[in-house]
Amino acid sequence: MTTERRLADGIVAALAALHIPVEPQEVQLVRPARPEHGDWSTNAALVVAKSVGRAPRDVAAALVAALQDAEIYEVVAVEAAGPGFVNFKLATSWLHHALMDVVAAGEETYATPELGAGERVQIEFVSANPTGPLHVGNGWLGSYGDALGRVMSRCGWEVEREFYVNDTGGQIRLLGESLLARRRGEVVPEEGYQGEYVTQLAQQYEGPEDIVQAGRFASEAILENIRETLERLDICFDEWYSQASIEESGQVGETIELFRERGLVYEDDGAIWLRSTEVGDTRDRVLIRSNGDVTYLAGDLAYHRDKFLVRKFDRVIDVFGADHHGQVASLKAGVTALGIDRDRLEIRLGQLVNIVGRRMSKRSGNFIKLDSVIDEIGADATRLLSLLNSIDQATTLDLELMKRRSMENPVFYVQYAHARIAAIDRKRAERGIERVPISEANLALLIHDRELELMRCLVDLPYVVGEAAKERAPHKVTNWVRLLAGEFHGFYHDCRVLSDEVPFELTQARLWLVEGVRIGLAIALSLLGVRAPDAM
RNA sequence: GCCCCCGUAGCUCAGUGGAUUAGAGCAGCUGCCUUCUAAGCAGACGGUCGGAGGUUCGAGUCCUCCCGGGGGCGCCA
């Protein structure tokens, strides 16, 4: 049983003994930022004060007395503080036990909070049009979606990642036209695709002078290039879902029929409309244009019908760039019109990114190829760079920083910590030192401030991973791992593991502490999709 | 006009209800290498948390309005 569990149970029991009713969710047990506030702290007295009509400090005092009587294991002091917090001070041994827990659980099972309860969630992300190479923004949200999937999987969600391939419609025709124009040596139409890759594809295309076939050829080749780029970043998908396939399968018609049955379809100006204002949209939307083509929205709604009603996901998370904000209202409304609880569809909008020193015209970040960034700074740095900040914030990425081989560069800083640990282990082997089983190590010798800080940091990982999953914010894992790496470099500087000056027993204890840190680094880096190297 | 995101140190950003001194990294300043990688560690400096009201025992964090930046409001995708 963890210390946290013991304290939480103790608080509930103490409140019960005092006949104070409470909603358990309101009571928080946190690790305070300031050491003088103890090892753990609860706001229980503050949140129940109003309902029992007593001053928070009075409740806190009563709670303290009850908790003292309870004599919880390893708790050496309970005190009321500030406006009514109850702070717990624990024997240092609680950290040693926590370290044992980390090592016992290991990389596989440490920090795997059961939050998802097996809920089946689909995360759709990137879904870039196969009309050109991926840009920086795709890598940014691709890293986000992939890391979010990893974090949620670790927390007990059953995750599937999907890439929606927009392989049909006007843009593919336009791509075909652009390619054919290039092959004829003519100028590409003004709204067409001007990129040099079109010229290259035109040279490879040996098919007929047919827009559809040329478009398909080009989009397939480009999609292949997209896959390769994503693979370089270790961004994986379970499914590549074709928009063309959903249109050809008749599902669009079935979806529109469903809307019709609900009386949400009408004709106007020769087009077929969805009365989406009935279900929360700001305006009605066209499903079938007057020329007979289905709109992107109609396909997208058929696609979401497939996600919810055919494949039966409990929850769907769509990750879009902020430039797709216009789709949100109609998608939500369409899903509602299908009789699906709109809260089961989560749409995360990532703000647009810019690059330091590359003067942006409008959305300039989007014109920088992802492949060239990976060439420049490497895959690990590209991923970590993308996971440094919240996607809610329009950020300016600094490529130069990520190229430096020094502490200023977060990816090197963190990976270097892992490499240093591996170096210690190599040195240990060289010196013929065996690591004794942890049960035989005297962890009580770990009392240096650096050592205690490292253990405190490790204790926080399950909480951090859980928050990252619940808030769909994998960058919280990045923050944590940078912190852990920082603590480790401090420890490394002040506390030698292998040295004639260090007693054998302390060496053994430190070897296990270092192993705990390695586990923490390995877990966090794997969630972020960044390699944990043994040497640099 | 309406909708979404943001405004925190010179720069890039954490922090999204909790504790009389709001954090990190970088830039600039100062120390520390016969030692497991100095690709490191430490110290000092640096902020009216865009502004004004409000809710609360408690607000950078929640609500309202205003100012500023980005994005979006197609029979495009």
Side-chain angles (χ1 to χ4, degrees), chain A residues 28 30 32-34 36-37 41 43 46-47 49-50 55-57 81-85 87 129 131 166 168-172 174 191 243 268-273 282-283 285-297 299-300 321-330 347 349-352 354 356 360 362-363 388-398 401 404-410 412-413 415-417 419-428 430-431 450 471 473 475-476 478-479 482-483 486 489-502 510 514 535-536:
Chain A
Q28 292 173 344
V30 299
R34 293 171 189 282
E36 61 269 30
H37 294 145
S41 177
N43 64 350
L46 289 162
V47 297
K50 184 173 274 180
R57 289 223 52 138
F85 290 102
N87 297 335
N129 294 339
T131 52
N166 301 153
T168 183
Q171 54 177 354
I172 301 299
L174 197 54
E191 348 53 272
Q243 182 183 359
D268 188 36
D269 255 357
I272 304 296
W273 292 72
T282 51
R283 42 162 298 176
R285 310 281 172 173
V286 172
L287 295 172
I288 301 178
R289 291 187 257 164
S290 47
N291 70 2
D293 287 351
V294 300
T295 59
Y296 178 82
L297 176 66
D300 210 12
D323 52 338
H324 287 71
H325 172 237
Q327 294 175 4
V328 175
S330 55
I347 300 175
L349 293 179
Q351 298 304 304
L352 303 183
N354 290 299
V356 165
M360 37 178 187
K362 215 170 138 195
R363 298 192 224 155
L388 235 31
N389 310 131
S390 153
I391 59 163
D392 291 336
Q393 177 120 4
T395 52
T396 307
L397 307 176
D398 189 342
L401 182 70
R404 282 180 219 158
R405 303 172 66 77
S406 73
M407 61 190 272
E408 318 151 46
N409 178 342
F412 276 91
Y413 190 74
Q415 291 185 319
Y416 186 42
R420 275 184 150 175
I421 289 173
I424 291 173
D425 199 57
R426 279 194 297 273
K427 190 64 89 178
R428 175 196 62 71
E430 270 172 35
R431 296 190 184 180
R450 298 290 202 182
E471 292 177 27
H475 75 279
K476 285 175 185 283
T478 315
N479 290 341
R482 294 177 74 182
L483 205 69
H489 288 307
F491 162 82
Y492 185 90
H493 185 265
D494 289 351
C495 306
R496 288 194 70 79
V497 176
L498 304 167
S499 164
D500 296 339
E501 323 270 299
V502 177
R510 284 181 173 167
V514 165
M536 291 174 71

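Below, chain A is the first sequence line, B the second, and so on; all start at residue 1. All values below come from the heavy atoms of this structure, side chains included, with hydrogens, waters and symmetry mates left out.
- Remark: His324(A) is not in phosphate contact with C76(B), judged by side-chain N or O atoms under 4.0 Å from OP1 or OP2.
- If you check distances only, the side chain of His489(A) never reaches the base of G40(B) with a donor-acceptor pair under 3.5 Å.
- Distances shown here put every side-chain N or O of Arg57(A) at or beyond 4.0 Å from the OP1 or OP2 atom of A19(B).
- Distances were taken from every side-chain heavy atom of Tyr416(A) (C-beta onward) to each of A38(B), C6(B), G71(B); the shortest belongs to A38(B).
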Mind running salt bridge (Lys or Arg N to Asp or Glu O under 4.0 Å) on Lys476(A) and Glu471(A) for me, showing each step along the way? CA-CA 9 Å; Lys476(A) 285 175 185 283; Glu471(A) 292 177 27; 3.4 Å; yes

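- Comparing atom distances between the Arg420(A) side chain and each of A14(B), C36(B), U37(B) picks out U37(B) as nearest.
- Checking A77(B), C4(B), U37(B) against every side-chain atom of His325(A), the shortest atom distance belongs to C4(B).
- Atom pair Ile288(A):CD1 and G74(B):C1' shows a separation of 17 Å (rounding to whole Å applied).
- Between Leu297(A) and Val286(A) there is no side-chain heavy-atom pair separated by less than 4.5 Å.
- Taking 4.5 Å as the limit, every side-chain heavy atom of Thr395(A) sits out of range of all side-chain heavy atoms of Gln351(A).
- The side chain of Asn479(A) lies closest to A14(B), out of A77(B), C36(B), A14(B).
- In this model, the phosphate group of G74(B) is approached by a side-chain N or O of Arg283(A) to a distance below 4.0 Å at OP1 or OP2.
- Look at CG on Leu297(A): it is 11 Å from P on C75(B), rounded to the nearest Å.
- Side-chain atoms of Pro83(A) and Leu46(A), non-hydrogen and from C-beta on, do get closer than 4.5 Å to each other.
- Judged by centroid separation below 5.5 Å and plane tilt below 30°, Phe85(A) stacks onto the base of A19(B).
- Tyr416(A) meets the ring-ring contact (aromatic ring centres under 6.0 Å, His included) test with His489(A); sequence neighbours excluded.
- Across all strands shown, Ala535(A) has heavy atoms under 4.0 Å from base atoms, whether or not it also approaches the sugar-phosphate.
- The side chain of Arg285(A) contributes no N or O atom lying less than 4.0 Å from OP1 or OP2 of A77(B).
- A distance of about 28 Å separates the C1' atoms of A22(B) and G40(B), rounded to the whole Å.
- Here OH of Tyr296(A) is found 4.0 Å from CG of Asn166(A). Values are rounded to the nearest 0.5 Å.
- No hydrogens or angles were tested; on distance alone, nothing pairs the side chain of Thr395(A) with the base of C13(B) as donor and acceptor under 3.5 Å.
- To the nearest whole angstrom, the two P atoms, one in G47(B) and one in G68(B), are 26 Å apart.
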Convert the base pairs of RNA chain B into dot-bracket notation, remembering that pairs crossing earlier ones are written with [ ] and that bases paired across to another strand are shown as |; include only Watson-Crick or G-U pairs under 3.5 Å. ((((((((.[[[[.)..(....]]]]..((((.......))))......[[[[[..)....]]]]])))))))....

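- Look at the C1' atom in both U55(B) and A14(B): the space between them is 27 Å, to the nearest Å.
- Base orientation of C13(B): anti (glycosidic angle beyond 90° from 0).
- Considering only heavy atoms from C-beta on, His475(A) stays 4.5 Å or farther from Asn389(A) through its side chain.
- Counting distance only, with no hydrogens placed and no angle test, the side-chain atoms of Asn87(A) and the base atoms of A19(B) include a donor-acceptor pair under 3.5 Å.
- Looking at Ile172(A) and Thr131(A), their side chains come closer than 4.5 Å, going by heavy atoms from C-beta outward.
- Comparing U35(B), C13(B), A77(B) by their closest approach to the side chain of Thr396(A) singles out C13(B).
- Contact annotation for Asp293(A): no contact, since no heavy-atom pair falls under 4.0 Å across all strands.
- When the P atom is compared between U56(B) and G10(B), the two are found 35 Å apart, to the nearest whole Å.
- Rounded to an integer number of Å, the gap from Gln327(A) CD to C73(B) P is 9 Å.
- For the pair Asn43(A) CG and G17(B) P, the interatomic distance rounds to 12 Å; values are reported in whole Å.
- The base of A19(B) is paired with the side chain of Ser41(A) by a donor and an acceptor separated by under 3.5 Å.
- Summary of the strand contacts: Thr168(A) and Pro56(A) both lie near RNA chain B, and taking for each the nucleotide with the nearest heavy atom, the more 5' one is attributed to Pro56(A).
- The distance between atom CD of Gln393(A) and atom C1' of U12(B), rounded to the nearest whole Å, is 10 Å.
- For the pair Arg510(A) (side chain) and Arg496(A) (backbone), a donor-acceptor distance under 3.5 Å is present.
- One interatomic measurement links the two molecules: OH of Tyr492(A) to P of C36(B), which rounds to 7 Å at whole-angstrom precision.
- Side chain of Asn389(A), nearest nucleotide from A14(B), G71(B), G70(B): A14(B).
- At least one donor-acceptor pair closer than 3.5 Å links the side chain of Arg57(A) to the backbone N or O of Gly82(A).
- Closest to the side chain of Pro83(A), out of A14(B), G70(B), C57(B), is C57(B).
- Here G40(B) is the nucleotide among G40(B), C5(B), A42(B) with the atom lying nearest to any side-chain atom of His493(A).
- Counting any heavy atom pair closer than 4.0 Å across all strands shown, Arg510(A) reaches no nucleic acid atom.
- Ring-base stacking between His37(A) and A19(B) is satisfied, the centre separation being under 5.5 Å and the plane angle under 30°.
- Applying the side-chain contact (heavy atoms from CB on, under 4.5 Å) rule to Arg283(A) yields the partners Trp273(A), Arg285(A); only residues at least two apart in sequence or on another chain are considered.
- Looking at heavy-atom distances under 4.0 Å, Gly490(A) makes contact with sugar-phosphate atoms alone, never a base.
- Residues Gln327(A) and Ile347(A) form no side-chain contact, since every pair of their non-hydrogen atoms from C-beta on lies 4.5 Å or further apart.
- Across G50(B) and G70(B), the matching C1' atoms stand 16 Å from one another, rounded to whole Å.
- Toward the 5' end of RNA chain B, the nearer of the two residues Thr295(A) and Asp494(A), judged by each one's closest nucleotide, is Asp494(A).
- Spacing of P atoms, U12(B) relative to C33(B), comes out at 36 Å, to the nearest Å.
- Nucleotides G25(B) and C67(B) are separated by 30 Å at their C1' atoms, to the nearest Å.
- Ala329(A) comes within 4.0 angstrom of no nucleic acid atom, judged by non-hydrogen atoms across all strands.
- Checking U35(B), G72(B), U37(B) against every side-chain atom of Arg496(A), the shortest atom distance belongs to U35(B).
- When the P atom is compared between A27(B) and G15(B), the two are found 23 Å apart, to the nearest whole Å.
- Rounded to an integer number of Å, the gap from CZ of Arg482(A) to P of C13(B) is 12 Å.
- The side chain of Ala423(A) lies closest to C36(B), out of C36(B), A77(B), G40(B).
- A sub-4.0 Å separation between OP1 or OP2 of U37(B) and a side-chain N or O of Lys427(A) is absent.
- With rounding to whole Å, Ile172(A) atom CD1 is found 16 Å from C76(B) atom P.
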